[in-house]
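Reviewing the structure listed below.
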Amino acid sequence: MPELPEVETIARDLRPCLTGARIAGVRVHRPDILHQTTPAAFARALRGRRIAVVTRRAKHLVLVLDDGARVVVQPRMTGSLCVTPTRIRDAYAVLELDLGDRGHLVYRDVRRLGVILLLTPRRWATYTARLGPEPLERAFTPATLARALSGRLAVKKAIMDQRRLAGVGNIYANEALWLAGIDPSRPAGGLGEDEVAALHRSIVGVLRRAVRGRGTTIRDYRTGTGQPGTFQGRLAVYGREGEPCLRCGHHLALTHAIDQRATYLCPWCQS
DNA sequence: CATGACACCTGCTCGC
DNA sequence: TGCGAGCAGGTGTCAT
């Protein structure tokens, strides 16, 4: 579920709690979320290690351990992470790390669509190479975006394709395309230079504002401190079908024509 | 290579 | 009130 701003918020919240913490114990409550490893091997690799760095790549949280291994958490639809001072019973807890006097890190995931990976430096290199550029890094320019926008697929699909561009999901794709005044079904490769520039500005702008708002909570998303985000109150189109467009006043529409995902748009000013 | 269908899961909401 | 259908912000795989 969480997109870039949500995972960025979680990473920022967890960073002061986790950086330098030693992993004293590992509890895997739901083994099915561990991919390409077993609970026993996973626990063996983590126990006794220190967490050196807490970071984010695309929509994924990354814990770099002091031996260079990386624990990658993909929360997907309903995953959430937070640190608590003491253990609390939770039917949806999937993984718990005991951090001694630094408390407990809990990964909870109601639908259990999330994934946790343990990657060597070499496998991490392969992993990150498959993901597109980070839209909030300085190196992300309109030219970078233009490279992601090739082909005849819908521009909305293109910006949500994590190999082309990292971190944008359904909510922010809808918002960015509305901000840029671009029809989401337009072929990605057919945008003009000015439209690419507008979309670049919109993507960067909406992601920055959403990070400042600590993410969007529609249902399940919680920050790293267990609270809802605030950006849901500032969405211009997502979830607002039938309501007036904030630019032109026409009724916003909802379709599922692109990849069967909810697409919200203003039929008047996105055409 | 691009695209579409589907699978993975559970909970919530809506309509009857 | 109760029940089934449909829907949900993501990603990987497989067939075409």
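First the proteins, then the strands, lettered A, B, ... as listed; each starts at 1.
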What pairs of donor and acceptor atoms, side-chain ones from residues 194-210 of chain A against any protein atom, are under 3.5 angstrom apart with sequence neighbours left out?
unit_1: A:Glu195; atom_1: OE1; unit_2: A:Arg186; atom_2: NH2; d: 2.9
unit_1: A:Glu195; atom_1: OE1; unit_2: A:Gly192; atom_2: N; d: 2.8
unit_1: A:Glu195; atom_1: OE2; unit_2: A:Arg186; atom_2: NH1; d: 3.0
unit_1: A:Glu195; atom_1: OE2; unit_2: A:Arg186; atom_2: NH2; d: 3.3
unit_1: A:His200; atom_1: NE2; unit_2: A:Phe140; atom_2: O; d: 2.9
unit_1: A:Ser202; atom_1: OG; unit_2: A:Ala180; atom_2: N; d: 3.3
unit_1: A:Ser202; atom_1: OG; unit_2: A:Ala198; atom_2: O; d: 2.8
unit_1: A:Arg209; atom_1: NH1; unit_2: A:Gly205; atom_2: O; d: 3.4

I'd like a table of donor-acceptor pairs (distance under 3.5 Å, sequence neighbours excluded) in which one partner is a side-chain atom from residues 38-52 of chain A, with atom names and distances.
unit_1: A:Thr38; atom_1: OG1; unit_2: A:Ala41; atom_2: N; d: 3.1
unit_1: A:Arg49; atom_1: NE; unit_2: A:Asp66; atom_2: OD1; d: 2.5
unit_1: A:Arg50; atom_1: NH1; unit_2: A:Gly20; atom_2: O; d: 2.9

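In this structure, the side chain of A:Gln270 engages the main chain of A:Leu177 through a donor-acceptor pair within 3.5 Å. A side-chain donor-acceptor contact under 3.5 Å links A:Thr223 to the backbone of A:Thr225. Under the 3.5 Å distance criterion, the side-chain polar atoms of A:Gln162 are matched with a main-chain donor or acceptor of A:Met160.
To the nearest angstrom, P of C:dG10 lies 18 Å from CG of A:Leu117. Per the geometry, OH belonging to A:Tyr264 stands 7 Å off P belonging to C:dG9, to the nearest Å.
What you find for A:Leu149 and A:Ala158 is that their closest heavy atoms are CD2-CB, 4.0 Å.
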Which dot-bracket string describes DNA chain C (Watson-Crick N1-N3 plus N6-O4 or O6-N4, or G-U N1-O2 and O6-N3, all under 3.5 Å; [ ] crossing; | other strand)?
.|||||||.|||||||

When you check every protein heavy atom under 4.0 Å of nucleotides 11-16 of chain C, what one-letter string (B, S, -) results, 5' to 3'?
BS----

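Along DNA chain B, the stretch of nucleotides lying under 4.0 Å from any heavy atom of chain A spans, 5' to 3', B:dT3 to B:dG11.
Between A:Arg164 and A:Gln260, the residue anchored nearer the 5' end of DNA chain B, judged by the nucleotide with its closest heavy atom, is A:Arg164.
The same atom, P, is picked in C:dG6 and in B:dA7; the two are 15 Å apart, to the nearest Å.
Residue A:Leu131 is found in a hydrophobic cluster whose other members, listed by chain and number, are A:Val53, A:Val62, A:Val64, A:Val72, A:Val115, A:Leu117, A:Leu119, A:Trp124, A:Tyr127; membership requires side-chain heavy atoms under 4.5 Å apart, directly or through intermediates.
Shown here is A:His251, whose NE2 atom has no more than 12 heavy atoms of other residues, nucleotides or ligands within 6.0 Å.
For C:dG9, one of the phosphate oxygens OP1 or OP2 lies less than 4.0 angstrom from a side-chain nitrogen or oxygen of A:Tyr238.
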